[in-house]
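Below, read A as the first sequence line, B as the second, and so on, with proteins coming before strands; counting in each chain starts at 1. The figures here come from the full heavy-atom set of this structure, side chains too, leaving out hydrogens, waters and symmetry mates.
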There are 2 protein chains.
Amino acid sequence: MAAMWQCQEVTSASTAGAVRQGSLRELNLAVVLRRIAAADRPPSRAGIAADTGLTRATVSAVVDDLIAGRLVAEAEPEPRTGAGRPARGLVLASDGPAGLGLEVNVDYLAACVVDLTGAVRHHLVRRADLRPASPADALARLAALAAEARAAAVRDGLTLAGAALAVPGLVGDGGLVRLAPNLGWRDVDVPALLAGHPLAEPVDGIPPLVVDNEANLAALGELYAGPAGPRSFLHVTGEIGIGAGIVLDGALYRGARGWSGEIGHFPVQPQGRPCRCGGQGCLERYAGQEAILAAAGLPGAELPADTAATRLADLAEAGDPATLAALTDAGTALGVAVAGVVNLLDLDTVVLGGGYARLAPWLRPTVEAEVSRRVLTAAWAPVTVRPAVLGAQSAAVGGAGSVVRRIVDRPVGWLARTT
Amino acid sequence: MAAMWQCQEVTSASTAGAVRQGSLRELNLAVVLRRIAAADRPPSRAGIAADTGLTRATVSAVVDDLIAGRLVAEAEPEPRTGAGRPARGLVLASDGPAGLGLEVNVDYLAACVVDLTGAVRHHLVRRADLRPASPADALARLAALAAEARAAAVRDGLTLAGAALAVPGLVGDGGLVRLAPNLGWRDVDVPALLAGHPLAEPVDGIPPLVVDNEANLAALGELYAGPAGPRSFLHVTGEIGIGAGIVLDGALYRGARGWSGEIGHFPVQPQGRPCRCGGQGCLERYAGQEAILAAAGLPGAELPADTAATRLADLAEAGDPATLAALTDAGTALGVAVAGVVNLLDLDTVVLGGGYARLAPWLRPTVEAEVSRRVLTAAWAPVTVRPAVLGAQSAAVGGAGSVVRRIVDRPVGWLARTT
DNA sequence: CCATTTAATTCAACCGCTGAACAAATCGCG
DNA sequence: CGCGATTTGTTCAGCGGTTGAATTAAATGG
């Protein structure tokens, strides 16, 4: 029950559980819907039947359910192909359920609405320094922004099916934020602080809000962004701390306790600079925002993350030698860590996100150099290093995407709700 | 098709594929069989029904199929509990299918037979220096050993359902060993070299032999060894090279291309000793067998892995200061790497296997020290470091276990074969 | 205009789960 | 010793959902 507050993908109902009579329909609804979602052009019922091995009769029945539940729509203009009755293309509905993605960060609040097709329908950002604000105050402001986004979604005829909140910190069970150092949060019980707000009112016993680490949700955002993207990759988010979202075989890997991705404390210099974690030579001390700013000769200012990346990028573009050197050093440290991870996990793609997305032009060459030097299999299996396509805002989009993805993976949950 | 040669677990038939009418039975056979396999005492039909949510009638029908297929047997002596008709306990059959595990290593060949219950029924080891032998010669000797093991299994009334071969190197598709440096193998096509031998003759289109990396299979061995063991752990195999098998959520993680686990080139000292991989300061150069032997003042002898670990253990037990210092240094380097991995993947257990199993008494304290110092969450989520329960021979046992595990995960494959 | 082709629907048949009733086996209690 | 209580396992009619073939729908091409 507590785990429900944590965002988690539904891989398959049958992995562990028994398969009852009704599960048959439940599973086939998911199979057909996933096929429609994954197709690059609107597939026909007959095509789905041929691909999946189901009968055309079954697919028709399943599709009828999906259309009745506003998850699928028929695409009117179908591409002509040859002789025979023309197929009627099936697409994900763009007026059915949608997901609400929220983000609290050091210097902004964000809310976005993503529909079933993955399109970002609305995106609201409020810039504000949230460090002085209390958690209750920050969440109240976030709730107001969420209400605004919800109103916009309703105007579009969308129904919000749930929400996901991205937080820059460790999240435990029950939506409890154990520690968000840069926000100054510790043991903040988000659902309790939102009590009374619609976001916190369970519908059918399912809380509409999940709370998750921003690096995890940002990685999901990248995963959903490209339909044909890599299925295993590392998404590194560079802010004051450095976090990583790990996607393996198309699923976010959370770790035994949900605390995976702490790449910031990867030892890049075991006898090096001491770190607040108690170790020495952690990546964060070489490629974290503060380290880069310091090396670039900028005052150890309390710059918001976004501003810091922009400032560094401006200086780098202007050719400032200190900044360029700082970025080279940071890229080298990052490359050492990334190479270690790639050696261990055999990933083919590394995504630079958060502040790193903006700095990718300068970080990428050094990271790639370290990777190709240190990764054993790099010679005959190249590793791609690229900036995040969603940029710094991918956490909110990824959160919203995770909501709709859950519907695609288990449509029965949504269908049971409406009927 | 090529992937068939690679050992891979079957998570669930429905994860991707459609669910047809017959899949219902297929899935429920797996559900019931898994439940019997995972139970700590022989469960009854009624108990399984209560646990899974299936009807007693359904469970009975499914169990009948399983018994007819020699996968399950009724345990005669059932523990008395109270009033009511006594339950008839169900156990995995110990006279049905079995798996054959094979291993080629630098200084020995091994074959073992594991039955459905996970019991090691036979275990044959031939010590021999295989580096001078050609791959064809080594495989011929292995085939002879396999035939011996098969004969022993047949005498027990067991039916070999497949075989898995553990190799200390990178394995590609189609059973091709791309590189096994310590054996001196390069691009060795195992199925081709075994042509004509029963091991290489496909049955029902399924090749009976899969080839896999020894670190991967050893990790699987540890996974299967403890029924209540950890579901996510790192299994580090210390030999001349250092490999790791990564088990996440109860499944072996292979990486995007099947080459995960190269922890030997984790950068523990980025500006440190150059490594044959082209990088610098790789773990292998500090905690590999050669490095430890050199630090202990032993000649850079071409010792077999097993002998080297034994020699070092003997010296350490005798209190030899150079050896103790060497093991401390190696443990520190290993601990740095392990801490990095645990930070990244949030694992709760690290298993020391291969040669490290023998050296665990001396390595463990330093590894644990580095882990607790460097792992962020170590304070409130302890990490267990322990030697492999199967010791150095876990790869063959794990390979055999993976064969029977595949049957438990998808019993239809076996049942369809016999009927 | 009609044969051809492909898409989607309809419908009887069938597979396998469901639920309840029934038979089997043991314990408790008088 | 006998009988009710209790739990296990089986039998069987019922039913949900897929199957496969026949049918209708809608377009192309000669």
Side-chain angles (χ1 to χ4, degrees), chain A residues 13-14 17-32 36 41-68 72-90 411-412 415-416 419, chain B residues 13-14 17-32 36 41-68 72 74-90 411-412 415-416:
Chain A
S14 72
V19 186
R20 305 176 55 100
Q21 184 72 257
S23 319
L24 245 177
R25 200 37 159 304
E26 177 174 341
L27 292 169
N28 279 335
L29 282 165
V31 165
V32 171
I36 294 172
R41 68 186 62 204
S44 68
R45 294 166 173 79
I48 295 172
D51 284 356
T52 61
L54 292 168
T55 325
R56 291 204 304 273
T58 304
V59 173
S60 273
V62 168
V63 166
D64 285 349
D65 283 3
L66 293 174
I67 291 179
V72 164
E74 290 191 327
E76 277 316 320
E78 69 282 1
R80 197 60 42 80
T81 161
R85 173 176 171 175
R88 312 179 68 171
L90 299 171
V412 165
L415 296 176
T419 50
Chain B
S14 73
V19 187
R20 306 176 53 101
Q21 187 72 256
S23 320
L24 247 174
R25 196 42 159 294
E26 176 174 342
L27 292 169
N28 279 335
L29 282 165
V31 166
V32 170
I36 294 172
R41 67 187 62 205
S44 68
R45 293 166 174 79
I48 295 172
D51 284 355
T52 59
L54 291 168
T55 325
R56 291 206 305 273
T58 304
V59 173
S60 273
V62 168
V63 167
D64 285 348
D65 283 3
L66 293 174
I67 291 179
V72 164
E74 289 193 326
E76 278 314 320
E78 71 281 2
R80 197 59 41 81
T81 162
R85 173 176 172 175
R88 312 183 68 173
L90 298 171
V412 165
L415 296 177

Engineer: Which residue, A:Asn28 or B:Gly47, contacts DNA chain D at a nucleotide closer to its 5' end, judged by nearest heavy atom?
Structural biologist: B:Gly47
Engineer: Just the rounded figure in Å: distance from C1' of C:dG16 to CG of B:Leu24.
Structural biologist: 7 Å
Engineer: Is any side-chain heavy atom of A:Arg25 less than 4.5 Å from a side-chain heavy atom of A:Asp65?
Structural biologist: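 A:Arg25 reaches A:Asp65 side chain to side chain.
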Engineer: Rounded to whole angstrom units, what separation is found between the CG atom of A:Leu27 and the C1' atom of D:dT18?
Structural biologist: 13 Å
Engineer: What is the distance, rounded to the nearest whole Å, between atom CZ of A:Arg88 and atom C1' of C:dT9?
Structural biologist: 12 Å
Engineer: Check the distance between D:dT18's P and A:Glu26's CD and give it to me in whole angstrom.
Structural biologist: 12 Å
Engineer: Between B:Gln21 and A:Arg20, which residue's closest nucleotide on DNA chain C lies nearer the 5′ terminus?
Structural biologist: B:Gln21
Engineer: What I'd like to find out is whether the side chain of B:Leu90 reaches to under 4.5 Å of the side chain of B:Ile48, using heavy atoms alone.
Structural biologist: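 Yes; the side chains approach each other to less than 4.5 Å.
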Engineer: Can you pull out the residues from residues 50-57 of chain A that lie within a 4.0 Å heavy-atom distance of DNA chain C?
Structural biologist: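 Those residues are A:Arg56, A:Ala57.
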Engineer: Counting just side-chain N and O atoms, does B:Ser60 come under 4.0 Å of either OP1 or OP2 of D:dT10?
Structural biologist: yes
Engineer: How long is the line joining CG of B:Asp64 and C1' of D:dT8, in whole Å?
Structural biologist: 14 Å
Engineer: Would a 4.5 Å heavy-atom cut-off, applied to side chains only, mark A:Val32 and A:Leu54 as touching?
Structural biologist: yes
Engineer: Rounded to whole Å, how long is the line connecting atom CZ of B:Arg85 with atom P of D:dG9?
Structural biologist: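 Computing the B:Arg85:CZ to D:dG9:P distance gives 6 Å.
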Engineer: Please report, rounded to the nearest Å, how far the P atom of D:dG17 is from the CZ atom of A:Arg25.
Structural biologist: 6 Å
Engineer: Rounded to the Å, how far apart are B:Leu90 CG and D:dT8 P?
Structural biologist: 12 Å
Engineer: Can you name the nearest heavy-atom pair linking A:Pro411 to A:Leu66, along with the distance?
Structural biologist: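 Here A:Pro411 and A:Leu66 meet closest at CB-CD2, 4.3 Å.
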Engineer: Could you grab the distance from atom CG of B:Asn28 to atom OG of B:Ser23, nearest 0.5 Å is fine?
Structural biologist: 10.5 Å
Engineer: Can B:Ile67 and B:Val63 be said to form a side-chain contact (heavy atoms from CB on, under 4.5 Å), step by step?
Structural biologist: CA-CA 6 Å; B:Ile67 291 179; B:Val63 167; 3.8 Å; yes
Engineer: Five pairs per end, C1' atoms only: what is the angle between the end axes of the helix from C:dC1-D:dG30 to C:dG30-D:dC1, to 10 degrees?
Structural biologist: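 Rounded value for the end-axis angle: 10°.
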Engineer: Where is the tightest heavy-atom contact between B:Arg20 and A:Leu24, given as atom of each residue plus distance?
Structural biologist: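 Closest approach of B:Arg20 to A:Leu24: O-CD2, 3.9 Å.
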Engineer: Any side chain to side chain donor-acceptor pair (under 3.5 Å) pairs touching residues 42-54 of chain B, not counting sequence neighbours?
Structural biologist: B:Arg45-B:Glu74
Engineer: How do B:Gly84 and A:Glu74 order along DNA chain C: which one's closest nucleotide is nearer the 5' end?
Structural biologist: A:Glu74
Engineer: Between A:Thr58 and D:dT19, is there a contact of a side-chain N or O with OP1 or OP2 at under 4.0 Å?
Structural biologist: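 Yes, A:Thr58 has a side-chain N/O under 4.0 Å of OP1/OP2 on D:dT19.
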